[in-house]
Structures are given as structure tokens and as C-alpha cells.
Amino acid sequence: MASEKGFSMAEALIALAGFLAISTASLAITIPLYETAKKEAFFNVLKADLYYSQLYAISHQREVTFNIVRDKNYYYSHERFDMPLVTNRWYPKEINITKGSMPLSFKFLVDGNVNMFGSFFIYVDEEKYKMTIQIGRGRFYVAAE
């Protein structure tokens, strides 16, 4: 009589149940991390596009207009309307940008300053952030409200 080596059905089911429990727990941890990473990626890309538009204005010695089209979840920057866009980006529908003390359109001047300063608000799901653009060299930062 040959000896059978292997797992019984009960042992296989116990191993499968353990695997499913670990998989479910890791999925519950991963979803909030994904949402946080998506939010941070948006802010990093927005800042990079603002810096790029500012540096483009300085290096080309031309004004660059930065526009946020909130009803289409889209922003772009350009020198003039008949020129190619400097930046061009769609952002997720979960993100809502609203006017604050400044409009959602402003210019980077040839020296890197902005033509106006102030702030606008960015809502990500239930969280509110304030993006402030300062006078003098067009510095900007984002802070949670």
C-alpha cells in the first residue's frame, strides 16, 4: 500500500482561510493609503506646474497666464492664446478648486513675480486646503484649513 503524502481538505481550507484573512486586512489598509497618495500627487504636480510656468516666464522673458477651469477639472498656462500651452493638466473629479481672495487666473511676470496675490481653496473629498500665492517672487504654499 502506497503512502499518500499531501494535505487533507481540512488543512487546505484552513490555509486558504488564513490567506483570505490576510488579503482582506491588507486591502483595508491599502485603500486609505491610495487616497492619501492621490491627494499628495495632485498637490506635488500642481506645485511643479506652477514652478514650471514661473520659470518659463523668467527664462523666456514673457508673461505666462495660469488658468484654472474648475467646471472642467482642468488647468493650463500659456504665453498667448495663439501659442502652444506651457502646461496643460486634468485633475480628478474629487478635487474642487474655488476662488478665494484672488481669481482662478493670474499671471507670472517676466521677473517671476505674480500680477496679483492672495489665495484660493482646494477641496479634496471632505478636506479643505488653502493655496496662498505671496507677493514678491511669486512664492506659494498649501496649508490645511
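Worth saying up front: this structure is predicted, and the values here are computed from it rather than measured.
The backbone N or O of Phe140 lies less than 3.5 Å from no partner atom in the side chain of Gln134, so there is not a single donor-acceptor pair. Not a single donor-acceptor pair under 3.5 Å links the side chain of Glu63 to the backbone N or O of Leu109. Proximity of a side-chain donor or acceptor of Asn73 to a complementary backbone N or O of Ile95 within less than 3.5 Å is detected.
Side chains of Asn88 and Tyr75: no donor on one and acceptor on the other come within 3.5 Å. Tyr123 and Glu94 share no side-chain donor-acceptor pair at under 3.5 Å.
Arg70 is linked by a salt bridge (charged side-chain N to carboxylate O under 4.0 Å, His left out) to nothing, counting only residues two or more places apart in sequence or in another chain. Shown here are the side-chain hydrogen bond (donor to acceptor under 3.5 Å, both in side chains) partners of Tyr52, two or more places apart in sequence or in another chain: there are none. Every residue was checked against the salt bridge (charged side-chain N to carboxylate O under 4.0 Å, His left out) condition with Lys47, not counting sequence neighbours, and none meets it. Checked against ring pair (Phe, Tyr, Trp, His ring centres under 6.0 Å), Phe120 has no partners two or more places apart in sequence or in another chain. In this structure, the side-chain contact (heavy atoms from CB on, under 4.5 Å) partners of Glu127, at least two apart in sequence or on a different chain, are Lys39, Tyr129. Under the rule for a side-chain hydrogen bond (donor to acceptor under 3.5 Å, both in side chains), the partners of Thr87 that lie at least two apart in sequence or sit in another chain are Ser77. A search for side-chain hydrogen bond (donor to acceptor under 3.5 Å, both in side chains) contacts involving Asp82 returns Arg80, not counting sequence neighbours. Remark: Phe81 pairs with His78 by the ring pair (Phe, Tyr, Trp, His ring centres under 6.0 Å) rule, at least two apart or across chains.
Residues Val110 and Val86 do not share a hydrophobic cluster, defined by chaining ILVMFWY side chains whose heavy atoms lie under 4.5 Å apart. In the hydrophobic clustering of this structure, Tyr141 does not group with Tyr51; members are Ile, Leu, Val, Met, Phe, Trp, Tyr whose side-chain heavy atoms approach within less than 4.5 Å, directly or through other members. Two different hydrophobic clusters hold Val64 and Ile133 under the rule that ILVMFWY side chains link at heavy-atom gaps under 4.5 Å.
By the neighbour-count criterion of 12 heavy atoms within 6.0 Å, atom OH of Tyr76 is densely surrounded, having more than that number from other residues, nucleotides or ligands. Surrounding CE of Met83 are more than 12 heavy atoms belonging to other residues, nucleotides or ligands, all under 6.0 Å away.
Pairs engaging residues 8-37 under the salt bridge (Lys or Arg N to Asp or Glu O under 4.0 Å) rule: Glu35-Lys38 [sequence neighbours left out]. Applying the salt bridge (Lys or Arg N to Asp or Glu O under 4.0 Å) rule to pairs touching residues 49-58 yields Asp49-Arg89, sequence neighbours excluded.
Separation of atoms CZ (Phe121) and CE (Met131) is listed at 12.5 Å; rounding is to 0.5 Å. Here the CG-CD1 distance, from Asn115 to Ile135, works out to 10.0 Å after rounding to the nearest 0.5 Å. With rounding to the nearest 0.5 angstrom, the CZ atom of Phe66 is 11.5 Å from the CD atom of Gln54. Distance CG/Leu46 to CD1/Ile68: 6.5 Å, rounded to 0.5 Å. With values rounded to the nearest 0.5 angstrom, Leu55 atom CG is found 11.0 Å from His60 atom NE2.
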Considering only distance and modelled atom types, tabulate donor-acceptor pairs under 3.5 Å from the side chains of residues 12-28, sequence neighbours left out.
residue, atom, partner, partner atom, Å
Ser23, OG, Phe19, O, 3.0
Thr24, OG1, Leu20, O, 2.8
Ser26, OG, Ile22, O, 3.4
Ser26, OG, Ser23, O, 2.9

Side-chain donor-acceptor pairs of residues 97-108 under 3.5 Å, sequence neighbours excluded:
residue, atom, partner, partner atom, Å
Ser101, OG, Ser119, N, 2.9
Ser101, OG, Ser119, OG, 3.4
Ser105, OG, Asn67, OD1, 2.5

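Residue Trp90 comes nearest to Lys72 through the heavy atom pair CZ3-O, 3.1 Å, listed as atom of the first residue, atom of the second, then distance.
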